[in-house]
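Note that the structure is a prediction, hence the values are computed from the model and not measured.
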Amino acid sequence: MSHVLLTGGAGFIGSHVADALLEGGHDVRVLDWLHPAAHAGRTRPADLPDAVEFVAGDVRDGATVAAALAGVDHVCHQAAMVGLGTDILDIADYVAHNDLGTAVLLRELARSRFAGRLVQASSMVVYGEGRYACTEHGDVRPPARTPADLDAGRFDPPCPRCAAPLVPQAIPEDAPLDPRNVYAATKLQQEHLATAFSRETGIPVVSLRYHNVYGPRMPRDTPYAGVASIFVSALNAGRAPQVYEDGGQLRDFVHVRDVARANVLALTADAAPAGAFNVCSGTPRSVGEMARALHAAGFGAVPPPQTTGAYRLGDVRHVFAAPDRAAAGLGFVAREDFGAGMAEFAAAPLRGTS
């Protein structure tokens, strides 16, 4: 068994990765700054197991990272600011936490002559819009949606050549990358930095492109929370979830325990994998369907979800994953049932942030 440094291991996904590593017999050291947007009181979360060695520190601080790397065999890098945030004024914070933090970690790995594996959290947001096909022109890449189209309720992008409706397709890892908001740009830069590091050092690096992760321990309603937790926060408050656009936007909702298992597989596969892998359920569902599933899980007295027609300009319409490369390269196939997972999530307490 190995000794793993898990950055961001006190967070939503990171804490589940810690559980999965411990279950596999590994020693786990967590390095986490306890960002105030995600951690109430900035204290070690109660759901982080006692067996985990916890280091409170910032991944952007080289001395802290160097000390945390002492004696570890592998690194699992989850530390990041997530979500779309509030507005463009968040740009420097996202770049500092996600890109500078990753650069400092990579520098200290190189300085320490690290010889293990590095697995880092990426995201499906690096794709921008998903993959689309036109019945006449085949695979096409639609341009970014415009405020004029969105204001008019034209949410689905048309073929850029003939303006015909497009058919969304599962997106593979070799699709063109086109980040369309600040968070997405920082996640793609993390991948580029890790690729450069791997080329220079020969250390295998895996970037796991998480799709829409949900499950217990998500932080409650904040600008940095995922849509699933925002919906549950509304339901818990007795309010109808507000579904953007017409609710028909397609995503791949993957349970956090599946995501944790993908990380462990990437760290422990017999042959060291490298490159990017989609981490997904393999089954696309609409945001509206997800909201209705949460509402049906014990919230019958609350008004049902409402589609608002509102939008966020940085959002994309359809993006869902092809799971084949992860199955072949990591041995990863999602196991968690969507209905059961949504019911569990709806009943689980959300993490407080104040």
Could you tell me if the side chain of [Y] sits less than 4.5 Å from the side chain of [X], heavy atoms only?
X: P216; Y: E344; answer: yes
X: R180; Y: D178; answer: yes
X: F345; Y: S229; answer: yes
X: L166; Y: H318; answer: no
X: L267; Y: S2; answer: no
X: V52; Y: R44; answer: yes
X: Y127; Y: L177; answer: yes
X: L265; Y: F277; answer: no

Say whether [X] and [Y] are linked into one hydrophobic cluster, either directly or through other cluster members, by side-chain heavy-atom distances under 4.5 angstrom.
X: V264; Y: V75; answer: no
X: L294; Y: V256; answer: yes
X: V30; Y: V72; answer: no
X: F338; Y: F231; answer: yes
X: I13; Y: V59; answer: no

Is a side-chain N or O of [X] found less than 3.5 angstrom from the main chain of [Y], in a donor-acceptor match?
X: R117; Y: A269; result: yes
X: Q120; Y: Q190; result: yes
X: Y94; Y: V82; result: yes
X: T186; Y: Y183; result: yes
X: R261; Y: V333; result: yes
X: E108; Y: L106; result: no
X: R29; Y: A68; result: yes
X: D32; Y: A10; result: yes
X: R145; Y: D315; result: yes
X: K187; Y: A121; result: yes

Ignoring hydrogens, what is the shortest heavy-atom contact between [X] and [Y]? Give both atom names and the distance.
X: L48; Y: A18; value: CD1-CB, 4.3 Å
X: D99; Y: L193; value: O-CD1, 3.8 Å
X: E129; Y: Y132; value: OE1-OH, 2.6 Å
X: A185; Y: P179; value: N-CB, 3.6 Å
X: F197; Y: A110; value: CE1-N, 4.0 Å
X: A266; Y: V119; value: CB-CG2, 3.7 Å

Nearest 0.5 Å, what's the [atom1]-[atom2] distance between [X] and [Y]?
X: D156; Y: E245; atom1: CG; atom2: CD; result: 8.5 Å
X: T7; Y: L69; atom1: OG1; atom2: CG; result: 10.0 Å
X: N98; Y: H77; atom1: CG; atom2: NE2; result: 8.0 Å
X: N212; Y: F320; atom1: CG; atom2: CZ; result: 12.5 Å
X: T268; Y: N263; atom1: OG1; atom2: CG; result: 10.5 Å
X: F54; Y: L34; atom1: CZ; atom2: CG; result: 4.0 Å

Modelled atom types, side-chain donor and acceptor of E191 and S207, under 3.5 Å:
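There is no such pair (donor and acceptor under 3.5 Å, judged by atom type) between the side chains of E191 and S207.
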Could you check whether D151 and Y311, counting side-chain N and O atoms only, form a donor-acceptor pair closer than 3.5 Å?
yes
Show your working on side chain to side chain contact (heavy atoms under 4.5 Å, CB included) between R131 and D139 and close with a plain yes or no.
CA-CA 7 Å; R131 186 180 186 186; D139 288 347; 2.9 Å; yes
Give every residue pair that meets the salt bridge (charged side-chain N to carboxylate O under 4.0 Å, His left out) criterion with at least one member in residues 54-79, sequence neighbours excluded.
D58-R60
Donor-acceptor pairs under 3.5 Å, side chain of residues 246-253 to any protein atom, not counting sequence neighbours: which ones?
| residue | atom | partner | partner atom | Å |
| --- | --- | --- | --- | --- |
| D246 | OD1 | G248 | N | 2.9 |
| D246 | OD1 | R317 | NH1 | 3.0 |
| D246 | OD1 | R317 | NH2 | 2.9 |
| D246 | OD2 | R317 | NH2 | 3.2 |
| Q249 | OE1 | G247 | N | 3.2 |
| Q249 | NE2 | Y244 | O | 3.2 |
| R251 | NH1 | R317 | O | 2.8 |
| R251 | NH2 | V316 | O | 2.7 |
| D252 | OD1 | S281 | N | 2.7 |
| D252 | OD1 | S281 | OG | 2.8 |
| D252 | OD2 | S281 | N | 3.3 |
| D252 | OD2 | S281 | OG | 3.3 |
| D252 | OD2 | G282 | N | 2.8 |
| D252 | OD2 | T283 | N | 3.4 |

Pair listing, side chain to side chain donor-acceptor pair (under 3.5 Å) test, anchored in residues 326-339, at least two apart
R257-E336
Could you walk me through whether L330 and L208 pass the side chain to side chain contact (heavy atoms under 4.5 Å, CB included) check?
CA-CA 11 Å; L330 302 178; L208 298 179; 3.9 Å; yes
Under the criterion side chain to side chain contact (heavy atoms under 4.5 Å, CB included), I'd like the reasoning laid out for V182 against I88: C-alpha separation, chi angles, the key distance, then a yes or no.
CA-CA 8 Å; V182 169; I88 195 63; 3.6 Å; yes
Derivation of the side chain to side chain contact (heavy atoms under 4.5 Å, CB included) call for H137 and C159
CA-CA 8 Å; H137 297 107; C159 176; 3.7 Å; yes
